[in-house]
Chemist: 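Have a look at this one before I ask anything.
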There are 2 protein chains.
Amino acid sequence: MTVERDGLGMQADNNTADVYELGEQVGFILRKANQRHLAIFAARISDLTPPQFAALAKLHEVGATSQNQLGQLVAMDAATIKGVIDRLKARDLVALEPHGSDRRRLVVSLSDKGRETIEALLPDALEVSEETLAPLTQRETATFLRLLAKLAEG
Amino acid sequence: MTVERDGLGMQADNNTADVYELGEQVGFILRKANQRHLAIFAARISDLTPPQFAALAKLHEVGATSQNQLGQLVAMDAATIKGVIDRLKARDLVALEPHGSDRRRLVVSLSDKGRETIEALLPDALEVSEETLAPLTQRETATFLRLLAKLAEG
DNA sequence: TTAAATTCATTTGTACACGAATGATACGCT
DNA sequence: AGCGTATCATTCGTGTACAAATGAATTTAA
């Protein structure tokens, strides 16, 4: 006695919304996918967390910026990016200076050590992405990334 | 002077891996998609966090279980599920009892209030899923969920 | 040019998330 | 029976994540 799904005998007005099953909801699966990714990341890049890596990588991409701006670039709010920067600063991976003209701002830049660190890790980061996407074929990967981006942007 | 991508003049051995761009990595987009989902969730279900909701929903699905087992069902480790349960318990949404035969275990069950709460919220939760997936067509949604599940399972 | 609105950084408080360690209990095996 | 291993719950420490409040500085607009 199984529950019929996608059966012809019962037409669903919309999607699969018949009963609520946690395991079928986007949010739940999204969270699990994220967990798997974080595990892969941690296995390959053990001395930096994903947010820390993201901050360094972005800094490497765009050069010195203010703290909040960097936060926007890596999708972290002001409180979150501050914590991340503080920990990077404590390890001398980034440097902080007051902004020239705007005295509210704090300019974050890569230290030499930070530059070396991030440059050395970029190949590993690519492998993290590859391993995360390994369950999908190349074709599926392309589709998935396109749809995921659409979802993320809203 | 733009960097050529997918160009014919330069054959890439694998995917798009030419330079590392944070904004193109799965992990980063996954995190952003998750952020968007969380915002949608919070807007519709303001008095329960997603993990709290997940725990209640699962409890509603499977009935009373031990704390750790519930954690496995909702993909949270022992330390995390404990915190979630504690907060639900503090609001009398769940009840805790010692297990009959196994004195290590703590059986978690929905309180009446918890049952009412979760049952009242299920329609909202479906809308959260729908709104999250709104940027995709039905066809894209089906594809996306299939690939996402593949990714999450590994 | 002041007053109002905005931006930047910071702090506080709450809530995950997970590795690692711990003590109590249960189980497998000899 | 007894010992080693595994499981369950708990605790500790670190690191996001975000809402909300704050003060200082800048920008906008009247």
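Values below: every heavy atom of this structure, side chains too, minus hydrogens, waters and symmetry copies. A note on names: the letters A, B, ... follow the listed sequences, proteins ahead of strands, and every chain is numbered from 1. The model shown is predicted, which means the values in this text are computed figures rather than measured ones.
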Chemist: Please answer whether the main-chain N or O of A/Ala75 pairs with a side-chain N or O of B/Arg31 as donor and acceptor at a distance below 3.5 Å.
Modeler: yes
Chemist: Tell me the bend of the helix from C/dT1-D/dA30 to C/dT30-D/dA1 as the angle between end helix axes, each from five pairs, rounded to the nearest 10 degrees.
Modeler: 30°
Chemist: So if I take residues 88-110 of chain B and measure heavy-atom distances to DNA chain C, which residues fall below 4.0 Å?
Modeler: B/Ser101, B/Asp102, B/Arg103, B/Arg104
Chemist: What is the distance, rounded to the nearest whole Å, between atom CG of A/Asp77 and atom C1' of C/dT7?
Modeler: 15 Å
Chemist: For residues 57-73 of chain B, which residue pairs qualify under side-chain hydrogen bond (donor to acceptor under 3.5 Å, both in side chains), counting only residues two or more places apart or in two chains?
Modeler: B/Lys58-B/Glu61, B/His60-B/Glu119
Chemist: Main chain of A/His37, side chain of A/Thr132: is a donor-acceptor contact present, judged purely on distance under 3.5 Å?
Modeler: no
Chemist: Hey, where on DNA chain D does chain A first and last touch, going 5' to 3'? Cut-off is any atom under 4.0 Å from a heavy atom.
Modeler: D/dG15 to D/dT26
Chemist: Under 3.5 Å, side chain of B/Arg36 to main-chain N/O of A/Glu153, donor-acceptor pair present?
Modeler: no
Chemist: Is A/Ile85 close to A/Leu70 at the side-chain level, that is, under 4.5 Å between some pair of heavy atoms?
Modeler: yes
Chemist: Could you tell me which residues satisfy side chain to side chain contact (heavy atoms under 4.5 Å, CB included) with B/Thr117, sequence neighbours excluded, listed by chain and number?
Modeler: B/Leu48, B/Leu93, B/Lys113, B/Leu121
Chemist: Going by the rule ring-ring contact (aromatic ring centres under 6.0 Å, His included), which residues pair with A/Phe144 if we only count those two or more places apart in sequence or in a different chain?
Modeler: B/Phe144
Chemist: What parts of residues 57-75 of chain B reach DNA chain C, counting only heavy atoms under 4.0 Å away?
Modeler: none
Chemist: For residues 94-103 of chain B, dump all side-chain donor-acceptor pairs below 3.5 Å to protein atoms at least two apart in sequence or in another chain.
Modeler:
from, atom 1, to, atom 2, distance (Å)
B/His99, ND1, B/Ser101, N, 3.2
B/His99, ND1, B/Asp102, N, 3.0
B/Asp102, OD1, B/Arg104, N, 2.9
B/Asp102, OD1, B/Arg104, NE, 3.1
B/Asp102, OD2, B/Arg104, NH2, 2.8
B/Asp102, OD2, B/Arg105, NE, 3.2

Chemist: Aromatic contact between A/Phe41 and B/Phe28, with the criterion being ring centroids under 6.0 Å apart: yes or no?
Modeler: no
Chemist: Can you check the A/Met76 CE to C/dC8 C1' distance for me, whole Å?
Modeler: 18 Å
Chemist: By a strict heavy-atom criterion of less than 4.0 Å, which residues belonging to residues 34-48 of chain A are in contact with DNA chain C?
Modeler: A/Gln35
Chemist: Tell me which residues in residues 78-86 of chain A put a heavy atom below 4.0 Å from DNA chain C, sorted by number, or none.
Modeler: A/Ala78, A/Ala79, A/Lys82
Chemist: Excluding sequence neighbours, so at least two apart, what forms salt bridge (Lys or Arg N to Asp or Glu O under 4.0 Å) with A/Glu127?
Modeler: A/Arg44
Chemist: Using a 4.5 Å cut-off on heavy atoms from C-beta on, say whether the side chain of A/Pro50 contacts that of A/Leu38.
Modeler: yes
Chemist: Please check this pair: side chain of B/Thr141 against backbone of B/Thr137, looking for a donor-acceptor N/O pair closer than 3.5 Å.
Modeler: yes
Chemist: Walk me through it: do A/Arg146 and B/Glu140 pass the test salt bridge (charged side-chain N to carboxylate O under 4.0 Å, His left out)?
Modeler: CA-CA 10 Å; A/Arg146 181 173 59 80; B/Glu140 286 175 330; 3.6 Å; yes
Chemist: When B/Val108 is tested against each of B/Leu88, B/Ile81, B/Leu59 for side-chain contact (heavy atoms from CB on, under 4.5 Å), which residue passes?
Modeler: B/Leu59
Chemist: With sequence neighbours left out, which residue pairs that include part of residues 82-91 of chain A fulfil the side-chain hydrogen bond (donor to acceptor under 3.5 Å, both in side chains) condition?
Modeler: A/Lys82-A/Asp86
Chemist: For residues A/Val84 and A/Ile45: do they belong to one hydrophobic cluster (side chain heavy atoms under 4.5 Å, members Ile, Leu, Val, Met, Phe, Trp, Tyr)?
Modeler: yes
Chemist: Under a 3.5 Å distance rule, please check whether A/Glu24 uses its side chain to pair with a backbone N or O of A/Tyr20 as donor and acceptor.
Modeler: no
